[in-house]
4 protein chains.
Amino acid sequence: MTDPRKPNPARRSERSRRAILDAARELISELGYAKVSIESIAARAGVGKQTIYRWWPSKGAVIFDSFLALSEGEEGMRLPDTGDLEADLKTVMRATVAEFADPAFEAPIRALNMEIIGDPDLAALYRDKLARPVDEAKKARLRSGQQAGQLAADADLDLVLEVLYAPLHQRWLHRSGPLTQEYADALVETTLRAFSP
Amino acid sequence: MTDPRKPNPARRSERSRRAILDAARELISELGYAKVSIESIAARAGVGKQTIYRWWPSKGAVIFDSFLALSEGEEGMRLPDTGDLEADLKTVMRATVAEFADPAFEAPIRALNMEIIGDPDLAALYRDKLARPVDEAKKARLRSGQQAGQLAADADLDLVLEVLYAPLHQRWLHRSGPLTQEYADALVETTLRAFSP
Amino acid sequence: MTDPRKPNPARRSERSRRAILDAARELISELGYAKVSIESIAARAGVGKQTIYRWWPSKGAVIFDSFLALSEGEEGMRLPDTGDLEADLKTVMRATVAEFADPAFEAPIRALNMEIIGDPDLAALYRDKLARPVDEAKKARLRSGQQAGQLAADADLDLVLEVLYAPLHQRWLHRSGPLTQEYADALVETTLRAFSP
Amino acid sequence: MTDPRKPNPARRSERSRRAILDAARELISELGYAKVSIESIAARAGVGKQTIYRWWPSKGAVIFDSFLALSEGEEGMRLPDTGDLEADLKTVMRATVAEFADPAFEAPIRALNMEIIGDPDLAALYRDKLARPVDEAKKARLRSGQQAGQLAADADLDLVLEVLYAPLHQRWLHRSGPLTQEYADALVETTLRAFSP
DNA sequence: CCGTAAGCGAGACGGTACGTCCGGTCTTTAG
DNA sequence: CTAAAGACCGGACGTACCGTCTCGCTTACGG
C-alpha cells in the first residue's frame, strides 16, 4: 500500500524535469545562489511552481539535483596512472585549481557548498552521490601508489585525501589565499612527505 | 563637511547595540541561520528595524558582529607552550574538536561560515578580525617549535596551519566523518611528520 | 458525423453522475458554497476531475443540477385547494417560511441563489426548470381563486406572485428581518387586499 | 491597553485607501466581480497586497467599502414631496428602474448583492450603512403620505417598502422579467391599493 | 538652559517570494 | 471509448520579510 499523498513517479514529465534543472543551473550562474527564487526557476523553465514543489522539498534540493544531472554520465571516472604518483596527483590537483578559477564553475559550486553546509540531509546526499564516486577514483590511484611503495602501506587513504584536498578547498571557500599551481604542488609534496613509507 | 546621510556614531545607543547582538546570537542558536530574520532580531531586541539598518548593511554583518563582540576580550590569546610541540598541538586540536561538538557553538559558527562563503566582504572582515589573531597565536607556537627544532626551519607556517586545521574544519562543515580526539591526534601527527626537520 | 470533442451521452456513467451530484449537495451543506471546489467534489465523489468537466461547464452548473436532481420526482406538483384562497396561501407561505428556517435547506438554496444572480445562463435555466413548474402550480391555485371571485378578474397573476413572494425572499436573502408565520400571514393579507375584486 | 495585533489607524495612509477603493470600483465595472482579485486591485492601486489585508478582512469588504465611499456625501437624502404620494413614488421607482438599466451601475451593485447574500456580517453592515439611510428617507415620505390620508394610518411602513421594492429588486436580481416604467407604475399602484386607508 | 537635531521604538508602506490551493487541460492505465 | 487517477501550466491566495519611510518621543549638544 503506497502513501497516496506521494506523487507517482511513473507519471513524471521528463521534459519538465530537464527544463527545471537546466533553468536552475542557468540562473545560478547568472545571478548567484541567493538571488535565485523558486518562482524564477519555474518561470524560466516554463513550468508551474507546483511541479517543482511536487518533486523537490527545497530550493537546495533542486540545485543539488541540477548538479547531479551534470555528472550523470561520468560513472567510470578514472585518474591518470603514469606510475609516478606525485606527478599524477599534481596533474589532478592543478586541474582542480583551474576549475575553481573558472567563474562559470565557481558560482554554482559555491552555491552547492552553502546548501550542503546548512542542510544535513543534502550533505549526506552530496557525499553519496557526488563526493564518494570521485573519492573512490582518487583512492584507487592512491592504492595503486601504495602498492608501488610510493605511500606508506598503513596510510589511511581517507585521511590522505583530506590532507591533500581540504586545505585547497578551504582556501577557495574562505578566499583566504591565492589558488596557484605552486600551491597545488606544495600540497601534493607535503602530503606525500607526511605519508611516505 | 560630513555626509548628512551617515549616522553619527557618537549618538549611538550602546543599549540597543548590545540588545541587537545578543538577540542575533540567541536566535541563531534557537532557529538556525536561515530562519532568523532582521524583523525577528529587532522584535527580540525590542528595537526598531531602522536601528539595525542604520548601523549594519546586512543580516550577515549583524551576525558577524555578534561574534566579534563575543571574542572582544580575548585580545592577548596565547597557546600553551610546554616545550613539547606535539603535545601542545594535540591539546589545542582536541579543544577545537570539543567546541565543534557543543551544539550551542555549532549553530552560530556554522551560520557564520555560510555567510562568509557567500560574501567576499564579510570573508575579508572575518580573516582580519577573527581568524588572523587566532592564527597568529598558533603561528607563534609553531615558530617556537621551529626554533626548538621540532619543525623544519623552512616550513611555511601558513601551510602548516592549513594542513593541520583544514581537514578538521572540512569534516565538520560537510559532516563527512566523526570528529574524535583520535582524529585530532592523527592530524597533529600527520602534520608534524610532513614538516619534520 | 458526430463532433469528436463532444462526449457521447450514451456512454455516460450513471453511477458517477449521481455520486457527483450527491457530493456537491453534501459539500455545500457542510462548507457553504464559496468553500466548495470542483476538486473537492471530485474527491468526495471518487471521480476524476475530467469526468466533471466533461459533463458540466461550471461549478454553478453542477450545483444547479444537484438541485434539479432533487426535484425530479415532483413533476405533478399541486397546491391545496380548500376553496378558501387566503387559508390555502397562508398554508403554503408558512411552509416556505419553515423551509427557509431549516439550516439543511438554507445553505444549498442560498448557494444556488448566488450562482443564479451572477450567471444569466444559469438564471434562465433556473426559471425554466425549477421556478416555472412551481410558479405554474401556484398560478393554477390563484386562477381557481380568481374564478371563485376571491381575486380581481384582471389581476396579473405573475405580479400577484411577485408581490406575495418577493418580500419574503428578499428578507431571507438579505437577512433583513425575521421570517415568522405572522409575517407570512401579513403578506398574504396584503396581497389579497391589493388584488381584491 | 490596545491589542498589539491590530494596526494603528492613526498611521493609515489616506492616499492608499483611496487608491484601493477606486481601483476596486474600476475593476468591478470592467471585469465583473468574480474576475477581480485582491492582487489585481493592489496592482491597479499601486499598493502592496499587505496594505489591503491590513485594513480589510476580505475581498467583499473592500468592495463594500468602495460603495460606502461613493455614498459618503449623500447624508441628507430626501425624496420629492409634491403632496401626491402616488406620483412621487412613481418618480422614485422609475429612477430605480433606470439605475438598474445602466450597465455602469449594474455590475457593481450586482457584485455587492452577491457578497451580501453570502456573508452575514457584510449584510448587517450593508443594512446599517447603506440601506437604512435610504429606507428612512423613503419611510419619511410614506409617513407624510400617511398623515395626508393617502395611506392607512396603521400601515407597517417597513412592510410597505418591502411590497413596493422587493418585486422590483427580485426581477432585477434573477432577471426574471423586464424592468419597465409600466412595471414600476404597476408596483406603486398595487402597493397603494394594498395599504389604502 | 533651552532649542534643535539626532537617534530611537514603532510600524505602515510598496514590493518580492513564499508554499498552498484550485482551475481547467492533458496523458496514462484499467476496464 | 469512458472513467479514475493525477501530473501539468497557470495564477490567486494569504503570509512573512525585505528595505524605506514617516511618526512622536527621548536625549544630549551647542549657541
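By convention in this document, chain letters (A, B, ...) are assigned in the order of the sequence lines, proteins followed by strands, and residues within each chain are numbered from 1.
Using a 4.5 Å cut-off on side-chain heavy atoms (C-beta onward), C:Leu173 and D:Leu173 make contact.
Residues A:Ser66 and A:Ile63 approach most closely at OG-O, 2.6 Å, considering heavy atoms. Between D:Leu112 and D:Phe64, the closest heavy-atom pair is CD1-CD1, 3.6 Å.
If you find the closest nucleotide of DNA chain F to D:Ser37 and to A:Ala45, the one lying nearer the 5' end belongs to A:Ala45. Two residues, C:Gly46 and A:Gly46, neighbour DNA chain F, and the one matched to the more 5' nucleotide by heavy-atom proximity is C:Gly46.
In the set E:dC8, E:dT28, F:dC9, F:dC9 carries the atom at the smallest distance from any side-chain atom of A:Ser16. Here the side chain of C:Val47 is nearest to one of F:dA4, E:dC8, F:dA7, namely F:dA4.
To the nearest angstrom, P of F:dG24 lies 6 Å from CZ of D:Arg11. Whole-Å rounding puts the D:Ile38 CD1 to F:dG11 C1' distance at 15 Å. We find that CD of D:Glu39 is positioned 11 Å from P of E:dT16, with the value rounded to whole Å. Rounded to an integer number of Å, the gap from A:Arg12 CZ to F:dA7 P is 11 Å. What separates CD1 of A:Ile41 from P of E:dC18 is a distance of 8 Å, to the nearest Å. If you measure from atom CD of B:Glu14 to atom C1' of F:dT27, you get 16 Å, rounded to the nearest angstrom. As rounded to whole Å, 14 Å separates atom P of F:dA12 from atom CZ of D:Arg44. Between the P atom of F:dA7 and the CZ atom of A:Arg17 lies a distance of 16 Å, rounded to the nearest Å.
Using modelled atom types, no side-chain atom of B:Asp65 and backbone atom of B:Leu68 make a donor-acceptor pair closer than 3.5 Å.
The local environment of NZ in D:Lys129 is sparse, with at most 12 non-hydrogen atoms from other residues, nucleotides or ligands closer than 6.0 Å.
In this structure, B:Arg11 forms no cation-pi arrangement with B:Trp55, as its terminal cationic atom is not both closer than 6.0 Å to the ring centre and no more than 45° off the ring axis.
Of the residues in residues 49-63 of chain A, A:Lys49, A:Gln50, A:Tyr53 come within less than 4.0 Å of DNA chain E through at least one heavy atom, sorted by number.
Judged as a side chain to side chain contact (heavy atoms under 4.5 Å, CB included), and not counting sequence neighbours, the contacts of D:Ala23 are D:Ile41, D:Arg44, D:Ala45.
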